[in-house]
Amino acid sequence: SVDSYDASRKAIWDFKHIDEKVRISTNPTHKKQLEDYIFIRNNKVVGSNGLKVDKVNYLLPNKAAAEYNKNLLKFDVNIYYITGKNKIVKFQNR
């Protein structure tokens, strides 16, 4: 299930408390959820509450987990992570 929804940006937020070596796109526990989010976004599915999704955002516990999951970017998914100073930063693949 979605952890948070930002109505102003029509964005799903999913918070993952995962180890740096867990890849969301291949882990059976997380892969189906990712596929569902992408389907909802790409097919412009409208929820029973009338809400639409234009963006999918993952918030990961640290930069190492974000780096390990950078393949999510190919699905047009945003990755954010929490720094040691408790700041949320958008991951940029360089």
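All values reported here derive from a predicted model rather than from experimental measurement.
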Check residues 37-46 and write down every donor-acceptor pair under 3.5 Å in which the side-chain atom is one partner and the other belongs to a residue at least two apart or another chain.
from, atom 1, to, atom 2, distance (Å)
Y37, OH, S1, O, 3.4
Y37, OH, D14, OD2, 2.5
Y37, OH, Q33, NE2, 3.0
R41, NH1, F75, O, 3.2
R41, NH1, D76, O, 2.8
R41, NH2, F75, O, 3.0
N43, ND2, F39, O, 3.0

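Minimum interatomic distance between V56 and V53 (heavy atoms only, all atoms of both residues): CG2-CG1, 4.5 Å.
Legend: residues meeting side chain to side chain donor-acceptor pair (under 3.5 Å) with D36, ordered by chain and number and at least two apart, are K32. For S25, the side chain to side chain donor-acceptor pair (under 3.5 Å) criterion is met by N71, not counting sequence neighbours. With sequence neighbours excluded, the residues satisfying side chain to side chain donor-acceptor pair (under 3.5 Å) with S8 are D6. Annotation: side chain to side chain donor-acceptor pair (under 3.5 Å) contacts of K63 (sequence neighbours excluded): none.
For the atom pair K10 NZ and Y5 OH, the distance stands at 7.0 Å (nearest 0.5 Å). Put simply, NZ on K70 and CZ on R23 are 9.0 Å apart, with the number rounded to the nearest 0.5 Å. Interatomic distance, L34 CG to I24 CD1, rounded to the nearest 0.5 Å: 7.5 Å. Between E67 atom CD and F91 atom CZ the span is 4.0 Å, to the nearest 0.5 Å. With rounding to the nearest 0.5 Å, the separation of NZ in K16 from OG1 in T29 is 8.5 Å. If you take CG on L60 and CG on N69, they are separated by 5.5 Å, rounding to the nearest 0.5 Å.
Through direct or relayed side-chain contacts under 4.5 Å between Ile, Leu, Val, Met, Phe, Trp and Tyr, W13 connects to F15, L59, Y80, I82, I88.
A side-chain hydrogen bond (donor to acceptor under 3.5 Å, both in side chains) check over residues 45-62, counting only residues at least two apart or in different chains, returns the pairs E20-N62, N57-N78.
The closest donor-acceptor contact from the side chain of N27 to the backbone of V22 lies at 3.5 Å or more, if one exists at all.
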